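Every chain is numbered from 1 and lettered A, B, ... according to where its sequence line falls, protein lines coming before strand lines. No experiment lies behind these values; they were computed from the predicted model shown.
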Number of protein chains: 2
Amino acid sequence: MGARRDVFQAIADPTRRAIIGMIAKEPVNVNTIAEQFDVSRQAISLHLKILAECGLLSMKQQGRERICEAKLEKLNEVNEWISQYKQFWNTKLDALDKFLKNNEKLK
Amino acid sequence: MGARRDVFQAIADPTRRAIIGMIAKEPVNVNTIAEQFDVSRQAISLHLKILAECGLLSMKQQGRERICEAKLEKLNEVNEWISQYKQFWNTKLDALDKFLKNNEKLK
DNA sequence: TATAAGAGCAAGTGTTTGCTTGCACAAGTT
DNA sequence: AACTTGTGCAAGCAAACACTTGCTCTTATA
């Protein structure tokens, strides 16, 4: 099977999720990201490559640094897949919610 | 690295996502699931095992059949992780939404 | 200009994954 | 009792993954 380079596969790895968390608020350069982890810079570099390939991240050259910026809207693909199933697990919570709201009115 | 058996990893595989889609509405037995795919029954059986191990699926023995039932509430783990980033990619859409609503009023 | 810092590329390794084929075995059916 | 059906278990395999070390190259800086 050829390399799947989709968002689902990208966020399957905990290190990559941590990277996303790290660059979500502001763009960060490669080495700064790598310093936060125990693994080698090259390992992180590969994770960044994977994230970039699936569109979750974009790189900008800035002098000798490469700045990584998160493209969080790509997560919407996952969000939409999940959404179609939300009704199934939210049913019970919804019922509780309605009950509580109703209870409130009766007071 | 030991086998990660979490929801993120489980839904990374397209076949497993398809299985979830198949059993979401109603429980189905193993062979019926396997028939829907091109791969062997054993391959599907392994996917089911992975889904079961991470809690996305539960098995019930029923005579000689094993019924697979989806535990979609487990997807909430993924949903919550995604949710923390929604604000980042929804900002622009929200702005557009407000603009359109405002435009509507001005008509 | 010499040196340090940021970062890609390549080769090599051990583990995991996705899949297959073959065998076993228990629960229904004839 | 013999046969069919549903399913698991195990061995084996190729590709992918996560990492490492070593080297190179370019851009700053002392």
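Side-chain contact check for B:F88 versus A:L75: every heavy-atom pair is 4.5 Å or farther apart.
Looking at which nucleotide of DNA chain D each of A:Q62 and B:Q61 is closest to, the 5′-most match is held by B:Q61.
Distance from the side chain of B:L46 is smallest for C:dG18 among the nucleotides D:dC19, C:dG18, D:dC17. Comparing C:dA10, D:dC19, D:dT7 by their closest approach to the side chain of B:N31 singles out D:dT7. Of all nucleotides listed (C:dT17, D:dC17, C:dA5), C:dA5 comes nearest to the side chain of A:R64. Side-chain proximity of B:Q42 to the nucleotides C:dG18, D:dA10, D:dG22 is greatest for D:dA10. Distances were taken from every side-chain heavy atom of A:T15 (C-beta onward) to each of D:dC19, C:dG18, D:dA18; the shortest belongs to D:dC19. Checking D:dT7, C:dG8, C:dT17 against every side-chain atom of B:N29, the shortest atom distance belongs to D:dT7. Nearest nucleotide to the A:V39 side chain, out of D:dA18, D:dT20, C:dG8: D:dT20.
For B:D13 against B:T15, the heavy-atom pair with the smallest separation is OD1-N, 2.8 Å. Across all non-hydrogen atoms, the minimal contact from A:G21 to B:Y85 is CA-OH, 3.1 Å.
Rounded to a whole Å, the NZ atom of B:K60 is 18 Å from the C1' atom of D:dT7. Taking atom CD1 of B:I44 as the reference point, atom C1' of C:dT21 lies 16 Å away to the nearest angstrom. In this structure, B:D13 places its CG atom 18 Å from P of D:dA15, rounding to the nearest Å. Distance CG (B:D38) to P (C:dG18): 17 Å, rounded to an integer number of Å. Atom CD1 in B:I67 sits about 14 Å away from atom C1' in C:dA27, given to the nearest Å. Taking atom CD of residue B:E35 and atom C1' of nucleotide D:dT7, one finds them 13 Å apart after rounding to whole Å. Taking atom CZ of A:F37 as the reference point, atom P of D:dT20 lies 13 Å away to the nearest angstrom. For the pair A:D6 CG and D:dA16 C1', the interatomic distance rounds to 14 Å; values are reported in whole Å.
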B:N29 and B:C68: CA distance, side-chain angles, deciding distance, side-chain contact (heavy atoms from CB on, under 4.5 Å) verdict:
CA-CA 6 Å; B:N29 71 307; B:C68 304; over 6 Å; no
Could you walk me through whether A:K71 and A:L57 satisfy the side-chain contact (heavy atoms from CB on, under 4.5 Å) test, starting with their C-alpha distance in whole Å, then the side-chain angles of each, then the deciding distance to 0.1 Å, before giving a yes or no?
CA-CA 5 Å; A:K71 293 284 176 187; A:L57 186 135; 5.7 Å; no
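Contact check, B:R5 against C:dT17: a side-chain N or O comes under 4.0 Å of OP1 or OP2. For D:dC19, the OP1/OP2 oxygens have no side-chain nitrogen or oxygen of A:R41 closer than 4.0 Å. Side-chain nitrogen and oxygen atoms of B:H47 include at least one within less than 4.0 Å of the OP1 or OP2 phosphate oxygen of C:dC19. For C:dT17, one of the phosphate oxygens OP1 or OP2 lies less than 4.0 angstrom from a side-chain nitrogen or oxygen of B:Q9. Between C:dG8 and A:R66, a contact under 4.0 Å exists linking OP1 or OP2 to a side-chain N or O. Contact between the side-chain N/O atoms of B:S45 and the OP1/OP2 oxygens of D:dT7 is not found at any separation under 4.0 Å.
Residue contacts shown for A:S40 include a base, since a base heavy atom lies under 4.0 Å away. Residue B:E65 is classed as a sugar-phosphate contact, given heavy-atom separations below 4.0 Å to backbone atoms only.
Judged by distance alone, with hydrogens and angles left aside, the side-chain atoms of A:S83 form a donor-acceptor pair with the main-chain N or O of A:N79 at under 3.5 Å.
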